[in-house]
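In what follows, every heavy atom counts, from backbone to side chain, and hydrogens, waters and symmetry copies are set aside. Residue indices begin at 1 and follow the sequence shown.
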Amino acid sequence: MAEIVQQRIEDRIPELEQLERVGLFTKKEVKSIIKRVTALEYKLTRLIVNKEDFIAYIQYEINVLELIKKRRAHIHYQFKREEIEYPIIHRINSTFRRATNKWKDDVQLWLSHVAFCKKWATKGQISKVFSSMLAIHPDKPALWIMAAKSELEDRNSSESARHLFLRSLRFHPNNQKVYQEYFRMELLHSEKLRKQQKDLEKAEMDLGEYEFSPEILRGKLAEVVYRNATGQIKEAAFVISLLNIAAIFDFTKELQDTILQDLQTNYTEDSFTWDFMAKRELEAPGAGEELQTAKGRASDINRREERCCQVYEEGVKSLNSGKSSPIHSEHVHSIVFKNQILRLDSVVWILRNIQSRPSELHVAMTATRRYSQSVSMWSLSLQTLIQLGSGDIGKHFQDALTNVNPKVYIYIYINVHRNTHKLCPHNVFILSSKALQTVCSLVCSQRGLLSAVAAVAMETKESYLDWSYSTGGYKKARKTFTSCLFFQETPKMHNLRDCYERVLQEFGTTDDDLWLQYIQEELGPLGQPENCGKIHWRAMKFLEGESVERFTSKYTLLQTGHL
């Protein structure tokens, strides 16, 4: 082991001497490097080595390279790179190879080697690294794409990139991303050749026997990739993604027309096709003269929006409009809230008729932002969120109470409560009762039961009791009735204690939260903290099973101020 380390240290002597001779490092710094490197080398020659040791060794060598680079810039010395930097870079590459050979499954280690090669201009090494990595990880399409892009961008080799894409398709014949990047690469290749031809023609150089293929310049290789891709993957969304890639290049008019024709011919049963065609109408450019005036621009926008809506309607008719279809979702997302439908009754109609969960949520939330003063809109949107079991029901209800008139917010709750019963069968309603319970608990807060309007507070309590009975029977209604006694304008502690005692008689053996809330009330400004010890003792006596552990944990958090 010592002989190996000594040999490696001696191999460094020429570069270290050069560093000291040209004034990049001092003699003391060179000795420090030798000492540090010796310790790192011994770690790499042990019988059992760790990946962290290799990483630490590589990082130290890279730090030395960075320091050399800064000192060169400081003293303006740019010579002797072959004697100084190149041996260090070669040693780092060798260490990376040793590490990746030992930990072949660590993709991040491979990519770190690639990143080092790119940064320190060892592009010839990148192909070897990718080749070794892909031999071990052929099941990862992202690595194939990364390798092909490296060949195209770093080594300017379209042929090598094409070869890698073809190899990757043998392992991943149905991967959309591979086809998309292969398609893009062929278009980039055509664009590069077109630019070369233009530069040569501008310089008036004689090309001799060398000629640029007109088919390649027009993107025929990309069209071949498109044909093969659509033969394997028959999805409108995928075809549209290829069309969007082709649209980036200014020489692909013919190719775009071909793809668009295929889309309109072979994918009319897919809602993505109609959505794409409708959006094309919305984004279509207008006539030049018409856009000179504000009136003309407004007219152009209206015409494009009308045409967009017409295409959507054609799509709805072409598809089976009697069933739930994604076209409804796309229609709503693209049209309704782009100033196309402004009237409240139109939004209400859409909200009641669309049958896509994302669209319902989108319309409900956006409609209430637009019509924030409409009680009926808040009521309808709350019904929608409750039926969908949305987790945002609590926040949405609080927003309703903030925006509408305080004297009528109770109407929202009552309307939601009653209409949800009508819209949902009993068993379905029970499934959404947890969401509705959130609304009830919000109503039974200071905004509801402690309302300054006596009629509102009383109506709230009656509606809450009605809901409790309909969902949990007389036991739940009795518990609700007891809890409603809390909500008085000037609550008295002896009433609170009486209510807690009544509830604990029935639920004291299982509900640990009740005991904890009782203790918190006594710790409050109206309570008597000396009673907390007795309540704690009773809780430990009455609680059973896992409730004891939960109560103990929460009580500890309460005592330490973390609850």
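- Annotation: side-chain hydrogen bond (donor to acceptor under 3.5 Å, both in side chains) contacts of E546 (sequence neighbours excluded): none.
- D262 and Y267 are not linked by any side-chain donor-acceptor pair at a separation below 3.5 angstrom, with hydrogens and angles left out of the test.
- Ion pairing of E159 with R162 is present here, as a side-chain N (NZ or NE/NH1/NH2) and a carboxylate O approach within less than 4.0 Å.
- Residues passing the side chain to side chain contact (heavy atoms under 4.5 Å, CB included) test with L558, sequence neighbours excluded: L516, I519, Q520, L523, L563.
- Applying the ring-ring contact (aromatic ring centres under 6.0 Å, His included) test between H536 and each of F542, W515, F551 identifies F551 as the sole match.
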task = For R194 and E191, run salt bridge (Lys or Arg N to Asp or Glu O under 4.0 Å): C-alpha distance rounded to whole Å, both residues' side-chain angles, the deciding distance at 0.1 Å, then the answer.
result = CA-CA 5 Å; R194 292 171 68 88; E191 185 179 51; over 6 Å; no
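- Residues forming a side-chain hydrogen bond (donor to acceptor under 3.5 Å, both in side chains) with Q108 (at least two apart in sequence, or on another chain): none.
- Taking the six-membered ring where the residue is Trp, F183 and Y226 present tilted rings, their angle falling between 30° and 60°.
- Listed by chain and residue number, H113 satisfy the ring pair (Phe, Tyr, Trp, His ring centres under 6.0 Å) test with F96 (two or more places apart in sequence, or in another chain).
- None of E15, Q18, R21 except one satisfies the side chain to side chain contact (heavy atoms under 4.5 Å, CB included) rule with E83; the exception is Q18.
- E544 and T509 form no side-chain donor-acceptor contact under 3.5 Å, judged by distance and modelled atom types alone.
- For residues 49-75, the set of pairs meeting the ring pair (Phe, Tyr, Trp, His ring centres under 6.0 Å) definition, not counting sequence neighbours, comprises F54-W103.
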Determine all donor-acceptor pairs shorter than 3.5 Å in which one atom belongs to a side chain in residues 32-40; sequence neighbours excluded.
residue	atom	partner	partner atom	Å
T38	OG1	I34	O	2.6

